[in-house]
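Remember, predicted model here, so these are calculated numbers, not experimental data. All ligand and atom numbering here is 1-based and tracks the order in the structure.
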Amino acid sequence: MSQSVHLLTPSNLAVPKHNISFLSTFNRRLPVTTTTSTTAVYVFPKLSIRAASSDREPFVIVTDNGTSSLGLQPPTSQPDHALSSSIEVDAVTEAELRENGFRSTRRTKLICTIGPATSGFEQLESLAVGGMNVARINMCHGTREWHREVIQRVRKLNEEKGYAVAIMMDTEGSEIHMGDFGGASSAKAEDDEIWTFSVRAFGSTLPERTINVNYDGFAEDVKVGDELLVDGGMVRFEVVEKLGPDVKCRCTDPGLLLPRANLTFWRDGSLVRERNAMLPTISSKDWLDIDFGIAEGVDFIAVSFVKSAEVINHLKSYIAARSRDSDIAVIAKIESIDSLKNLEEIILASDGAMVARGDLGAQIPLEQVPAAQHRIVQVCRQLNKPVIVASQLLESMIEYPTPTRAEVADVSEAVRQRADALMLSGESAMGQFPEKSLAVLRSVSLRIERWWREEKHHEAMELPGVGSSFSDSISEELCISAAKMANNLGVDALFVYTKTGHMASLLSRCRPDCPIFAFTNTTSVRRRLNLQWGLIPFRVSFSDDMESNLNKTFSLLKARNLIKSGDLVIAVSDILQSIQVMNVP
Ligand SMILES: Nc1ncnc2c1ncn2[C@@H]1O[C@H](COP(=O)(O)OP(=O)(O)OP(=O)(O)O)[C@@H](O)[C@H]1O
Ligand SMILES: CC(=O)C(=O)O
Ligand SMILES: [K+]
Ligand SMILES: [Mg+2]
């Protein structure tokens, strides 16, 4: 359906150069049908805007002072009285912007698992300064009290020092795993040693070379000759004898045993899933942890061993009913065969996904993990959900201060795939070089992102429509056009004004060359945007009047030396569905 659109040209049609490409983002210049002294009427062939919103006038305005906009005029424009005069941005990003300018800010987000090596206030601060966007607490380990203290320290850092570190709580799940070692932080299994895996309840002291298993059916389900894999094969055993609740195993691949490491058993080359396949994704202990997470106001809950979309939907409605403003995002951890089978429906139901390569590599052959990673990253991108690549990115840095070349190549590949975020596990939780590990992720990300831009590897990826309403589809088209324009015009930054964060995620999905300044009016949305590629989240209050929002933002950012006169900016918003191109006055 064609649509008449007014192109207002106050003096004449001498349109600045960037507006030509603005028009061509819709593949053609719009043909003039009639003109008056101040108004040209164009036929707009692609979007039937009027059909979407009968009470709003569609318009394209091109003025000769260098600004242009496309969109729907708001029914009424509201006065500016509600605006407060402050703007909040994470102190580390602010320093980075000032020092390096827009272009060289990091686009890939970084997550650190917090453990004994990093739970202190000063250690947490070092990670924040080093670029940690999200702190992850893993409910497999430690007590709720311990995790509460970590959360409180992070919140305190945010409040007192101006960081915006978000918190992700990762559930334990009810897969089979080993117990603790009664105080010891690890144990070494050597070749040919016989170890006992037992479902017996021991007191606080375990007999030598004995490991507790959390799953009661373990001793019944395994058979002599089965292969037992710790952490997906980091250490291997062969089952040699069953004695009631005790299973004797011979170590065939030596290595370090870590508390609560995951256990899988294999028979004739395939993973055995006996009754343990019926274990619930969210155990009763997990529900208590989730209540704790809701009470503590975590920003993300990552669900381990998701098998289907159902559990995600269930958790989301639970959160919606319990949490005050129900703004906890649910991340599906893809780490099982079932989660790969039901990948699309799981990701569609979730607010994001994690490629949890540790356990995934224990369930599918290792050589299949890279292809699975590639597919998960791609599906997330297509469905507009943030994706995290996790586990063993810099595993050797648990012990050594420099990564292997292979690890650097692995990190580079995840950045090149344009994943939203990279995650440290043991490297930051219990390793000897948490800050150095983070610094490696940071410098490799920056370098690969720059290489990508310099080589002009513009996106070839097809981005299918994800909107569920016509208005959503307009937002999507606007973001795709704005990102394309930003690349073609080489603008300094994209600005997006978004209440829910949705419009910012649509822009991030396009992976534009320039950074995206995302302005939102709530602190929790701002923290959540921390997980998404290329977004620099700001909290600022804004009104329905885009003109005044822009002026306000420009002056606040200029006052803090974050932008300067002449910078070229493209702004989009979900308040007034529009694209505006302008130089900072
Ligand atoms: N809160 C904690 N307290 C003690 N040790 C921890 C804690 N968090 C993590 N760790 C240590 O760091 C290691 C790596 O952490 P990570 O979060 O990857 O756990 P994981 O056991 O591999 O489980 P998952 O599959 O959930 O990631 C753990 O094996 C454990 O030794
Ligand atoms: C992160 C995680 O749970 C895994 O890799 O298994
Ligand atoms: K976990
Ligand atoms: Mg796991």
Problem - Donor-acceptor pair between Gln382 and Gln378 side chains, under 3.5 angstrom - result: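 No, no side-chain donor-acceptor pair sits under 3.5 Å.
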Exercise for the section: Would you check if there is a donor-acceptor pair between the side chains of Asp338 and Ser308 at a distance under 3.5 Å? Expected result: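 Short answer, no.
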Exercise for the section: Flag yes if more than 12 heavy atoms outside Asp268 fall under 6.0 Å of its CG atom; otherwise flag no. Expected result: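 At most 12 heavy atoms, drawn from other residues, nucleotides or ligands, come within 6.0 Å of this atom.
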Handout entry: Crowding at CD, Glu367 (>12 non-hydrogen neighbours, <6.0 Å)
Key =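 Correct, the count exceeds 12.
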Problem - Donor-acceptor contact below 3.5 Å, side chain Lys436 vs main chain Met397 - result: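 The answer is no, because no donor-acceptor pair under 3.5 Å joins these two groups.
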Handout entry: Metal proximity, Thr171 vs the K ion (ligand 3), N/O/S cut-off 3.4 Å
Key =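 So Thr171 does bind the K ion (ligand 3) by this criterion.
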Exercise for the section: Please calculate the SG(Cys140)-the K ion (ligand 3)-OD1(Asp170) angle and round it to 10 degrees. Expected result: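 The two atoms subtend 160° at the K ion (ligand 3).
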Handout entry: ligand 2-proximal atoms of Ala356, by part, heavy-atom distance under 4.0 Å
Key =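 For Ala356, the contact with ligand 2 is made by both the backbone and the side chain.
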Handout entry: Residue portion contacting ligand 2 (non-hydrogen atoms closer than 4.0 Å) for Lys333
Key =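 Side chain only.
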Does any N or O of ligand 2 fall below 3.5 Å from an N or O anywhere on [X], backbone included?
| X | result |
| --- | --- |
| Arg136 | no |
| Asp359 | yes |
| Gly358 | yes |

Exercise for the section: Please assess Arg511 against Asp420 for the test salt bridge (charged side-chain N to carboxylate O under 4.0 Å, His left out), listing each intermediate value before the final yes or no. Expected result: CA-CA 10 Å; Arg511 305 295 195 256; Asp420 288 84; 3.1 Å; yes
Exercise for the section: Answer yes or no on whether Arg107 is positioned over the face of Trp452, meaning its NZ or CZ is under 6.0 Å from the six-membered ring centre and within 45° of the axis. Expected result: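 No, a cation-pi geometry is absent between Arg107 and Trp452.
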Problem - Check: Thr93 and Tyr163 side chains under 4.5 Å, non-hydrogen atoms - result: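 A side-chain contact is absent here, since even the closest heavy-atom pair is not under 4.5 Å.
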Problem - Parallel, tilted or perpendicular: ring planes of Phe197 versus Phe218, cut at 30 and 60 degrees - result: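 If you compare the ring of Phe197 with that of Phe218, the planes turn out tilted.
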Practice task
For salt bridge (charged side-chain N to carboxylate O under 4.0 Å, His left out), just list the numbers for Glu149 and Arg153, CA-CA rounded to whole Å, side-chain angles, deciding distance to a tenth of an Å, and then say yes or no.
Solution key: CA-CA 6 Å; Glu149 271 179 38; Arg153 283 178 202 138; 2.8 Å; yes
Exercise for the section: At a cut-off of 2.8 Å, list the protein N/O/S atoms near the Mg ion (ligand 4), residue plus atom name. Expected result: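 Near the Mg ion (ligand 4), below 2.8 Å, one finds Glu335 OE1, Asp359 OD2.
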Handout entry: Atoms in ligand 2 with a heavy atom of Ser391 nearer than 4.0 Å
Key =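 That gives atoms 1 (C), 2 (C), 4 (C), 5 (O) of ligand 2.
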Problem - Contacting atoms of ligand 2, where contact means under 4.0 angstrom from a heavy atom of Arg357 - result: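 Result: 5 (O).
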